[in-house]
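Atoms within each ligand, like the ligands themselves, are counted from 1 in listed order. Start at 1 with the first residue, then count along the sequence.
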Amino acid sequence: MTRTVAGIEPRALPETGGVRQLHPAVWRVVAPNAGPLPGPGTTTYVGGGGRPVGIDPGCTDADHLERVLEVAGGAVDRILCTHSHPDHSPGAAWLRERTGAMVFGLPAPDDGHQDPTYRPDCGLDDGQRIAAGGMTLQVIHTPGHASNHVCFLLEEAGLLFTGDHLMCGTTVIIIPPDGSMRLYLESLARLRAMPLASLAPGHGAVIPDAAQEIDRVVRHRLAREDKLVRALGSRRAATLEDVLL
Ligand SMILES: [Zn+2]
């Protein structure tokens with residue numbers, strides 16, 4: 001049976017610079033870093049009551065970060081980063097400076113694709129529970145897109161903040177050696193076994209049926225892998241372009 005999150009508007013499309021309340025305890029603020037990869041812009045989520053948490057501050061645009069603080073009631077208790085790619089974490093230092101809140105995230109790998117300003121004050125443990133204004137966020141380590149990637153599950157709503165592990169309307173980039181398709185699929189299998197309702201991605205609209213979407217992504221990845229294996233098996237020697245055609 002599909003679980004749904006009360007009050008949420010799953011397919012409401014994010015707009016660059018847009019602010020929207022998705023759930024009684026969750027706001028979406030879209031950063032003005034639109035482009036081919038981040039689409040309409042990285043989504044910053046503000047969750048929980050009282051002085052809540054901010055997830056993925058996005059870019060350092062002051063207007064965007066002021067909007068984040070506005071929906072958070074002027075301050076955040078904690079700043080959480082799903083990972084340290086340059087479209088997700090640079091705003092963390094600005095928010096820390098402004099509010100004194102600590103930044104939480106896993107250490108960045110040294111692969112040349114990370115936000116150079118990323119300096120988490122605290123690490124995160126798989127399974128750790130973080131209080132968020134009367135609600136609870138569970139940390140789930142999900143390597144694959146990046147080795148230091150985590151998702152956050154708002155337990156009371158079954159809503160998973162997916163960062164770049166799952167996106168709406170597209171598949172995520174896996175760049176080895178830090179990215180790993182094997183770990184990506186293992187992380188998806190772990191999530192599939194959890195009681196998730198909806199997915200709140202770092203890019204794009206909320207995805208309403210988490211299980212269906214995870215199944216779809218796994219099928220797509222395995223089909224691509226199968227196609228690649230067959231293409232390699234049918235040629236004695238081929239260029240990369242030949243195989244990809
Ligand atoms: Zn990323």
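Considering CG of Asp56 and SG of Cys81, their distance stands at 6.0 Å, rounded to 0.5 Å.
Remark: the backbone N or O of Val150 is not paired with any side-chain donor or acceptor of Thr82 at under 3.5 angstrom. The backbone N or O of Val103 lies less than 3.5 Å from a partner atom in the side chain of Asp121, making a donor-acceptor pair.
Among the atoms of His145, an N, O or S atom is found under 2.8 Å from the Zn ion (ligand 1). Residue Asp87: no N/O/S atom is found under 2.8 Å from the Zn ion (ligand 1). Taking backbone and side-chain atoms together, His85 has an N/O/S atom less than 2.8 Å away from the Zn ion (ligand 1).
The minimum distance between the Zn ion (ligand 1) and any N, O or S atom of Asp164 involves atom OD2.
Between His203 and His88, a ring centre-to-centre spacing shorter than 6.0 Å is recorded.
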